[in-house]
Amino acid sequence: MAGFLLPAERVSESNNVMEMPINSQEPPAQFIVKETRFGSVDGSPPLASIPVVDLSQLFSEDELDKLRSALCSWGCFQAIGHGVSSSFIDKVREVAEKFISLPLEEKQKSLRAVGESEGFGGNTVVSENQVLDWCNRLSLQVFPEHKRRLNLWPLNPHDFGETLLEYSLKIRSIMELVFKAIATTLKLDDENVFLKKFGEGSGLRAQFSFYPPCQRSDMVLGLKAHSDRSGVTVLLQDKQVEGLQVRKDNSWYRVPVIPHAFLINLGDQMEILCNGIYKSPIHRVTTNTEKIRSSVAMFIEPAPEQEIGPVEELVDEKRPKLYKTVKNYGAFNYECFQKGLVALEAIKI
Ligand SMILES: O=C(O)CCC(=O)C(=O)O
Ligand SMILES: [Fe+2]
């Protein structure tokens, strides 16, 4: 499996990326996870009983109930009946697989530049003692259209771009439906209240993640524990290989693989808007010693100038305003990360 990058450009000035030492016995020290407040690496906690919601019946009482309880407890749900055909989902996986299988020189045409957030590479290194993720990612902004950096979009495979665009449009419609349904579960007067925040000018970013096998999967994570800064994330997991874990009541659970379902989770900006009633779950990705795992995540975020704060109707004496109103949460979140702070905690009232 040649052609992986070491999951970080340790070098800051040059783009002197190295090949990932797939078969080495010991991963470099900077990948070894230290004890954190989220416990140690454990590849096999119990399986999560995350509700499965049928989007084709989303506005029925049963599905709305499932959605409500899923978002209160797990902060995520598995979506079936979403209308995206299995063959198209496989096509998305296929272009991702073709891309990662290309020789390194070819993938480097999409290389993320130092200091940038888009393109192909490992972690952005912000501090000396940062623990690195065992992962390579291709991150691309799809909307708003004028922010697309087409020079980073792979030309190989030749249908990568058109597949990503078609997929993005489908996922955006699913997100819109989910925003409406969430407002309905909260009995808000305006069912479009979230849609308005994520309407005109909002950003949709695609992230293709590839987690190579790791000889020390007991000590290395594919992706460290985090919550998403997005409004909503739609994740297409690997069809076969597990790895994603979600945290609930201070314990980790494995997220089951349902081959053509989407795992939809809330991001911090929806937790803020919902005044904490619904959760932006902490999650992480483990590695395994044998198989590469891939995933495709789509994140939606409001335009940076959009104000995000708890929806007034969700604030009352029993449930006071939990979060400050903020703008440009994405940048704030990144600043907090660099200082070792948790953004959502930093804006608690
Ligand atoms: O690869 C996965 O399953 C999850 C990826 C993820 O959580 C993220 O990119 O924020
Ligand atoms: Fe995530």
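Both counts, for ligands and for their atoms, begin at 1 and track the order of listing. Along the sequence shown, residues carry numbers from 1. The shown structure was predicted, so the numbers you read here are calculated from the model rather than taken from an experiment.
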(request) Test the Arg137-Phe120 pair against the cation-pi criterion, namely NZ or CZ under 6.0 angstrom from the six-membered ring centroid and within 45° of the ring axis. (result) no

(request) Provide, to 0.1 Å, the distance between atom 9 (O) of ligand 1 and the closest protein heavy atom, together with that atom's residue and name. (result) Gln207 NE2, 2.8 Å

(message) Using the side chain to side chain contact (heavy atoms under 4.5 Å, CB included) definition, which of the options Val234, Ile89, Ile171 pairs with His82?
(response) Ile89

(message) Please report whether ligand 1 has a polar contact with His283, defined as an N or O pair separated by less than 3.5 Å (distance criterion only).
(response) yes

(request) Considering the heavy atoms of Leu223, write down every atom of ligand 1 situated less than 4.0 Å from one of them. (result) 5 (C), 6 (C), 7 (O), 8 (C), 9 (O)

(request) If a pair satisfies ring-ring contact (aromatic ring centres under 6.0 Å, His included) and one of its residues is in residues 42-77, list it, with sequence neighbours excluded. (result) Trp74-Tyr253

(message) With a 6.0 Å cut-off (strictly less than), is the heavy-atom count around NZ of Lys180, excluding the residue itself, greater than 12?
(response) no

(request) Verify whether one side chain among Ser280 and Asp268 offers a donor that lies under 3.5 Å from an acceptor in the other. (result) yes

(request) For the pair Glu301 and Arg205, find out whether any cationic side-chain nitrogen is under 4.0 Å from an anionic carboxylate oxygen. (result) no

(message) Starting from atom 3 (O) of ligand 1, what is the nearest protein heavy atom, named by residue and atom, and what distance separates them?
(response) Arg293 NH2, 2.9 Å

(message) Tell me whether ligand 1 is touched by His226 - counting only heavy atoms on the residue side and a distance under 4.0 Å.
(response) yes

(request) Using a strict 4.0 Å cut-off to heavy atoms of Phe299, name the atoms of ligand 1 that fall inside it. (result) 8 (C), 9 (O), 10 (O)

(request) Could you please compute the angle at the Fe ion (ligand 2) from OD1 of Asp228 to NE2 of His226, rounded to 10°? (result) 90°

(request) State whether the shortest distance between N or O atoms of Ser209 and N or O atoms of ligand 1 falls below 3.5 angstrom. (result) no

(message) For atom 4 (C) of ligand 1, what is the closest protein heavy atom, and at what distance to 0.1 Å?
(response) Val285 CG2, 3.8 Å

(request) Indicate yes or no: does Glu166 engage Lys91 in a salt bridge with an N to O separation below 4.0 Å. (result) no

